[in-house]
Amino acid sequence: MKTDVLVVGAGPAGIKAALTADRAGADVILIDESVFLGGQLRSQTQYFSNLPKNIDSGLGIEIYNELENQLNNSNITVFTNHTMVGSFKNGNIGVSNGEKVLEIQSKKNILAPGAQEEALIFPGWTLPGVMTAGAAQILVNREFVRPGNEAIMVGSNIFALEVALLLQQCGVSVKAIIEEQLNIQCKDTSKLGEIGNIPIFTSSRIKAARGRGKVEQVIIETPNGENELYVDLICVANGFRPILEPFEILNCEFTYKKGLGGWIPKYDNRFLTGNPNCYVAGNAAGITDLGPILLTGEIAAWNALGEIGLVSSIVVDKKIKNLWVELSRLEDEYVFKERLNLINNTSAIKY
Amino acid sequence: MEIKQHPILEKTLQDDIYFYFNDKKMKAKKGQTVAGALMANGILEFGRSRKLNQARGLYCGVGRCMSCYVTINNQYHIISCTTLLEEGMKVYSNNSDPKVGRDVIEN
Ligand SMILES: Cc1cc2nc3c(=O)[nH]c(=O)nc-3n(C[C@H](O)[C@H](O)[C@H](O)COP(=O)(O)OP(=O)(O)OC[C@H]3O[C@@H](n4cnc5c(N)ncnc54)[C@H](O)[C@@H]3O)c2cc1C
Ligand code: FES
């Protein structure tokens with residue numbers, strides 16, 4: 001199977017990249033290992049407003065619905081339930097649905113596999129009823145299932161507070177928020193107001209979770225001593241980390257950037273990785289917010305289009321310049337600085 | 001554990017669908033994954049770990065941690081959180097090593 005651009009991962013970054021390439025006249029194949037399109041955006045019910053100019057504010061799922069609409073009106077070939085599993089010696093990409101492997105010959109690849117949640121290890125962490133905050137969000141917003149009745153949330157970043165709030169709105173009693181650090185991590189004070197009377201324990205951690213076949217009890221260590229709580233749900237919001245396997249398959253180089261989520265593929269200001277046919281987009285290029293995630297997809301796509309020769313370099317340069325300006329405006333200052341830091345150290349790569 | 005009225009989303013899942021878990025008939029909603037359907041029925045323990053024989057259930061919900069393995073229609077080690085439920089599906093716990101090797105030898 002031949003195409004101009006292969007996009008791996010149909011989250012917001014991948015969809016945006018695919019749409020950008022499609023509109024410029026490229027042949028595009030978009031694959032995702034899930035049966036659902038939209039990546040994590042599909043399970044998000046928070047309101048997003050810090051977005052690129054051409055996108056309306058709305059709930060995550062509404063923004064996804066609009067992207068899906070645009071996908072349906074495009075010429076993009078979409079394969080769900082297909083995972084990128086390897087590459088052939090000739091550079092073609094192997095994509096499998098578990099039964100057959102498709103060989104895709106593309107001029108450029110844009111990889112947008114997103115991020116995964118960091119686990120947290122404590123005695124009892126594998127008991128059913130312990131799950132990531134993201135899993136709880138998926139259960140509520142996509143499966144319409146209440147993951148428990150009485151819960152604690154481990155972590156106090158904005159995502160932790162948002163999921164704690166969502167759980168409460170669904171009738172789950174959130175008994176405590178546990179934060180290992182000295183201070184609450186969420187910088188958004190309005191979120192703290194919404195949390196209301198859920199007690200937050202800082203400088204605290206889980207000592208152990210106990211139960212027969214499932215969580216029944218959790219013991220937390222606080223500065224004022226140990227606390228036993230009877231809960232059936234322990235949600236863990238321990239941060240996100242970029243997914244690297246597709247980049248490993250394509251022999252990209254890696255680097256460690258704490259402010260971008262840890263190990264990430266090296267890339268330059270075009271979002272081109274150490275593999276000259278492989279661009280990176282979305283949270284795989286550094287953990288950030290939805291607005292910047294969409295912009296990185298666009299930047300990668302315009303550069304790929306330019307390299308293929310479908311768009312002149314003058315047009316590409318102009319687009320990219322504007323998109324970088326917008327990125328600097330939308331992105332968290334510290335994250336953007338880390339990104340520039342990475343790029344400045346990488347621009348020495350010449351192909 | 002089903003959410004009939006969602007605090008934010010107007011549209012919930014509507015159509016009933018039936019499946020079997022360890023031979024017991026259960027009801028779920030069309031559009032749910034196998035893991036979602038089990039949790040909707042109050043089942044948290046999907047199976048047991050093969051070495052330490054500890055309970056295992058849903059952890060990441062996105063097909064990355066392999067904690068939610070089940071057997072579906074005689075196929076071992078299916079990731080239940082990324083598999084859509086189908087009418088009449090026969091889902092079993094994974095409680096030990098799969099018999100795959102033995103099956104091959106026996107046949
Ligand atoms: C469980 C979870 C919950 C989250 N919740 C929030 C939230 O509430 N708010 C927030 O701001 N951020 C959240 N995030 C962060 C999330 O990464 C971003 O919100 C955003 O969705 C990232 O967009 P993306 O396009 O980079 O990746 P994603 O949205 O993660 O999409 C990546 C897609 O790539 C696919 N994929 C991965 N590897 C392969 C492969 N080898 N082959 C084929 N397809 C592949 C995946 O199936 C997925 O659909 C969450 C992340 C996770 C993991
Ligand atoms: S819960 Fe992690 S793979 Fe299913």
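Per chain, numbering begins at 1; letters A, B, ... match sequence-line order.
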Chemist: Give, as side chain, backbone, both or neither, the part of B:C68 having an atom under 4.5 angstrom from any heavy atom of chain A.
Modeler: neither

Chemist: Might you work through the side chain to side chain contact (heavy atoms under 4.5 Å, CB included) test for A:V35 and B:T82, ending with a clear yes or no?
Modeler: CA-CA 7 Å; A:V35 288; B:T82 58; over 6 Å; no

Chemist: Counting only heavy atoms closer than 4.5 Å, note whether B:L13 contacts chain A via side chain, backbone, both or neither.
Modeler: both

Chemist: Let me know if A:A136 has heavy atoms under 4.5 Å from chain B in its side chain, its backbone, both or neither.
Modeler: neither

Chemist: Under 4.5 Å, counting heavy-atom pairs only, tell me which of B:G61, B:P7, B:S49, B:G57 racks up the most with chain A.
Modeler: B:P7

Chemist: Do other residues, nucleotides or ligands put more than 12 heavy atoms under 6.0 Å from B:Q75 CD?
Modeler: no

Chemist: In Å, rounded to the nearest 0.5 Å, how long is the span from CE of A:M131 to SG of B:C65?
Modeler: 10.5 Å

Chemist: A:N141 versus chain B, heavy atoms under 4.5 Å apart: side chain, backbone, both or neither?
Modeler: both

Chemist: So for A:S34, is it side chain, backbone, both, or neither that comes closer than 4.5 Å to the heavy atoms of chain B?
Modeler: neither

Chemist: Please determine, among A:T132, A:I61, A:N81, A:L59, the option with the most heavy-atom pairs under 4.5 Å with chain B.
Modeler: A:T132

Chemist: Less than 4.5 Å apart, side chain to side chain, heavy atoms only: is that true for B:T33 and A:R142?
Modeler: yes

Chemist: B:E45, B:R56, B:K4, B:M39: which one forms the most heavy-atom pairs within less than 4.5 Å of chain A?
Modeler: B:R56

Chemist: What part of A:Q137 lies closer than 4.5 angstrom to a heavy atom of chain B: side chain, backbone, both or neither?
Modeler: neither

Chemist: Between A:E245 and chain B, which part of the residue has a heavy atom less than 4.5 Å away: side chain, backbone, both or neither?
Modeler: side chain

Chemist: I'd like to know which of A:V130, A:V236, A:L166 tops the heavy-atom pair count under 4.5 Å against chain B.
Modeler: A:V130

Chemist: Would A:V145 and B:E2 count as a side chain to side chain contact (heavy atoms under 4.5 Å, CB included) here? Give the steps.
Modeler: CA-CA 5 Å; A:V145 172; B:E2 187 191 329; 6.0 Å; no

Chemist: Counting only non-hydrogen atoms closer than 4.5 Å, can you tell me which residues of residues 209-218 of chain A sit against chain B?
Modeler: A:G213, A:K214

Chemist: Side chain to side chain contact (heavy atoms under 4.5 Å, CB included) between B:R64 and A:I243: does it pass, once the steps are laid out?
Modeler: CA-CA 10 Å; B:R64 296 202 69 84; A:I243 290 176; 3.5 Å; yes

Chemist: Kindly indicate whether the side chain of B:I3, heavy atoms from C-beta on, has any atom under 4.5 Å from the side chain of A:E143.
Modeler: no

Chemist: Is atom CG of A:N72 surrounded by more than 12 heavy atoms (other residues, nucleotides or ligands) closer than 6.0 Å?
Modeler: yes

Chemist: Tell me if the CD atom of B:Q5 is crowded by more than 12 foreign heavy atoms within 6.0 Å.
Modeler: no

Chemist: What part of B:L58 is in contact with chain A, defined as an atom under 4.5 angstrom from a non-hydrogen atom: side chain, backbone, both or neither?
Modeler: both

Chemist: I'd like to know which of A:L127, A:T126, A:I138 tops the heavy-atom pair count under 4.5 Å against chain B.
Modeler: A:T126

Chemist: How long is the straight-line distance from CD1 of B:I8 back to CD of A:E62, given to the nearest 0.5 Å?
Modeler: 10.5 Å

Chemist: Write down the atom of A:L120, the atom of B:Y59, and the distance for their closest heavy-atom approach.
Modeler: N-OH, 3.7 Å

